[in-house]
Amino acid sequence: MISTAQILYGTSFALIIIGLYAVLSQRNLIRIVIGLNVADVGINILLVTLGYIEGGRVPIFAPGQPTTNWVDPVPAALVLTAIVIGFGVTALMLTLVMRLYAKYGTIDASRIRGLKW
Amino acid sequence: MTTWIVLFISVLLITMALAAVFSRSLASAVIILSTLSLFAALLFVLVAAPDVAITEAAIGSALTTVVFVLALYRTKDAPSADSRSPKNMADESGNAARSVQEVPHA
Amino acid sequence: MRKLTGLLLMGGFVLYLVALVPGMFAPETPVSLESIGKDIIATTERVSGSANVVTAIVVQYRGLDTLGEVTVLFVSALGVAILASGFKDNVFKTMFAADDGGFVLQYGGRFLMPFIVLIGVYIIAHGHLSPGGGFPGGVLIATAVFIVILTGESVKIPHRLLSLLEGAAGLGFIGLGALGFLGADQSFLANTLPKGEFMTLFSAGFIPFIYAMVGIKVASELTTVVAVLTQAPHHDTAKEEGRP
Amino acid sequence: MVSPMLFIIAPLAAAFLMIFINRRGAALALSLLTPAGLAILGVSWLPATLVRAQPIVVASIKAPLGIPLSLDALGAGMAILVAVSSVLIVLYSSSYIHRGHHEVRYYAVVMILLTSAFGLVLTRDIFNLFVFFEILCISSYILVSWEQSGAALEASFKYMVLGSIGSTFLLVSIALAYKAAGSLAMADIAVAFDSAPRGYVIMAAVTFLFGVGVEAAIFPVNSWLPDAHSSAPSSISAILSGFVIELALVVTFRVLNTVFAAVDVLPLLQIIAIAGVLVGEFSAFGQKDLKRMLAYSSISQIGIMLFALSLGSTAGAQAGLSHLLMHAGAKSALFLIAGYFILRTGSRLIDDYTGLGYRMPVSAALFGLAALSLVGAPPLFGFFTKFQILAAAAATGGGLAWFGIASILSGTVLEAVYLFRVIRVLFAQPAERSRVEMDLPALVSVALFTALVVFGALLLPSLSSMIGPIADGLATLH
């Protein structure tokens, strides 16, 4: 019987690998950014899964609610940070893509001299 | 029970990730990415991380998509009233994607 | 070549993962916590007074990370503004304002805005009680501004006011953190304000105030990002952009 | 008592304040005074840290639950280097960066870069390390794209893509560490890794090396560096080559050496260091663009430093850190002077600088001195540091060490040839006689950097009492 955590680990690594593969193989600059975002989602799932326990409950004190069997709140806090940082990088990259387009009229990496590698 | 829902969403997520990365139209890739984030948020609710879910939905799904859409508009040739129609947009991006794919392992 | 490199790298990564990290896939889902999370849950009521443990960690236990996170947003908003200043065209005009949004859309957007802002404020204010807090709340407020832009309204974005808010909220965060220097331990970001009654709105010491600062900062920065990207050259074409 | 937290708080508050005030004068004053004050504070703390590390408690919460920070001798030394360099570079920027409505933003981003640099040397928490790394990367991306020329935008994008891949790897590594240790404090992770499966630790170490290696420009993941360092404004090239990559190198090495002590990464590091030396020198040799040449030279110099650090001996670590100090001074001076060469001739190509030495005699002389020290010409600082590294390597012995010595020596020959070529061009034939010397603030800044590399050798005796505890910081987490 496969466990929830195993599924989540598998999914997260699949997303990370799909995303990074896209970053390395695509030539369209926007697709590169999309790939990074896919990888980011994968990372977020990976981190959240670290804190998951079987049948875990939300770690919030509320009147009349049991305070046992809570999931680990630390990875959730880390993911919040990671999401915001990911957005900062994405916004900056996309602005850069727009500027590159304004300069060269293309978002194809193979047609921009400095982006071939 | 949770396991099966998680499994279902996981399969959905991986499919969407592949679609977002390899779809022909750039516009649909962006929308699929947005949906991917939204389903990831759903996953976070299931694994008891609502704080992450609400942030992922607000930032990953909504705001990132806004910036992506702005980028799509900005990276199109001289935007005119006509080019705003979704059909036209899909065509142009589709062409771009095809021309990329035609190049073999260079 | 790039595809090949990518494939090779990813293939290697996957193989390595499967071969050498059995710990990642082997175990069943754990049934109890064996990490610092357990100790944090045990101490959060005394240390932070926040009912939402994730909020307690974000704002207090790992408050320095959050300060860094706010800084990341700050610096990337700066970067977007610097880069966007190079645009020659004005997307705002061609994108939304060119075709009339229509009466219903325009007034609908204007009508919705205060409510969305209100929800944002609610989410920020209840960050220590329920899921949410400064980041999603701030994003909601920024979204409200974007909805108005989206309806084709020619809004003049007050850039100077936004940068004033950014700076002030950042200084406010640091100032609230520096209050900790007055406390017994003289440590930055210590929660020295009165904690109030656990699980009520007026509790958790400085956490709601920090989240308010974060909310203001996130809202103003994201508004800046969206605004400069939609109506980029606010210096050169400001005149053309004005209402007829 | 003033807390060492000021290293993080002060530049950050300065950046926020600048944006709030939005005046050029205020921004300039803040960005000169903040690092200057921190440098003085750093010097005043150094004696205490030489005795033992000063732990800093954040948010009144002790180590595993909160974020542990600590100021040790290595941290204080690096912080002083960063603070002093940035004062001089801001001074240079005051005349070099164009006046315009973005100038305030330039100084704000530089201050945030400083915040992250200080944060990196202070933090003992692996996720906090990630956050500061991201801030460092993002502010570097922005500064690289500052001139918004085609080359600058391309370089910045390339840098960003590699940096983002790096941070993905870094997060995977953090996830592996948290799963093993249940804690994010480096000390706890080190303990947990001692008993974790070996393959697991290797996986975490490799992903970590890939993650932070991008910013530290460690050999296989440094393809962004020549583009980024050459197309950034020269003041930024000086920041990036002068202390950012060094800082990233020291932090990377320290974490690999302590947290991942369970696996012996040193031989691997030696190999990539030697590869970096050879690749850097050979690529620099063929360059026609002055700043690109200097950037490739940075790759090889980083290789030399990494080689010295990864020898694993005390002498090697000390020599590597001395070389780091020398390189910070010399490379900053070279980039800053190159900035004015480009400003005065409007060209980046070395061949266009024919006879420039007669028009900018002081600058050209300073350039020559810094270049000589970088090569390792006898009376200058660079000679002693390089000699120490070679001696330490010879003392270690072993095939890899001797191969490293051979590579560094042959690299030195190449470096001498291409840098002398630049100097020969500068003094080739007297062109028109009009003087176009650097502006005064820039000249002062460059002269001070050059003074470090010229008189650095005199510092060595007094440095030797401090370098021991500083080098010890590479192997401990206190």
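Lettering follows sequence order; numbering is per chain, from 1.
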Q: Enter the distance from A:Tyr104:OH to D:Leu153:CG here, rounded to the nearest 0.5 Å.
A: 7.0 Å
Q) Could you give the distance from CD1 (A:Ile85) to OG (D:Ser167), rounded to the nearest 0.5 Å? A) 8.5 Å
Q. Taking the side chain as C-beta and beyond, is there a heavy-atom pair between D:Tyr141 and A:Leu96 under 4.5 Å?
A. no
**Q.** Top contributor to chain D contacts, counting heavy-atom pairs under 4.5 Å, from A:Thr49, A:Leu92, A:Leu36, A:Val33
**A.** A:Leu92
Q. Does atom CZ of D:Phe260 have more than 12 heavy-atom neighbours, drawn from other residues, nucleotides or ligands, at distances under 6.0 Å?
A. yes
Q: Taking the side chain as every heavy atom from C-beta outward, state whether A:Leu20 and D:Phe169 have any pair of such atoms under 4.5 Å apart.
A: yes
(Q) Do D:Leu171 and A:Leu46 have side chains that approach each other closer than 4.5 Å (heavy atoms only, starting at C-beta)? (A) no
Q) Side chains of A:Leu47 and D:Tyr178: does their closest heavy-atom pair fall under 4.5 Å? A) no
Q. Taking atom CG of A:Leu50 and atom CD1 of D:Ile174, what is their separation to the nearest 0.5 Å?
A. 11.0 Å
Q. Are any non-hydrogen side-chain atoms of D:Ser145 and A:Arg99 less than 4.5 angstrom apart?
A. no
Q: Sort D:Ser149 into side chain, backbone, both or neither according to what part of it lies under 4.5 angstrom from a heavy atom of chain A.
A: backbone
**Q.** Straight-line distance of D:Glu154 CD to A:Leu29 CG, nearest 0.5 Å
**A.** 10.0 Å
Q.
Main chain of D:Gln148, side chain of A:Lys103: is a donor-acceptor contact present, judged purely on distance under 3.5 Å?
A. yes
Q.
Walk me through whether D:Leu184 and A:Leu78 qualify under side chain to side chain contact (heavy atoms under 4.5 Å, CB included).
A. CA-CA 10 Å; D:Leu184 292 158; A:Leu78 303 188; 3.8 Å; yes
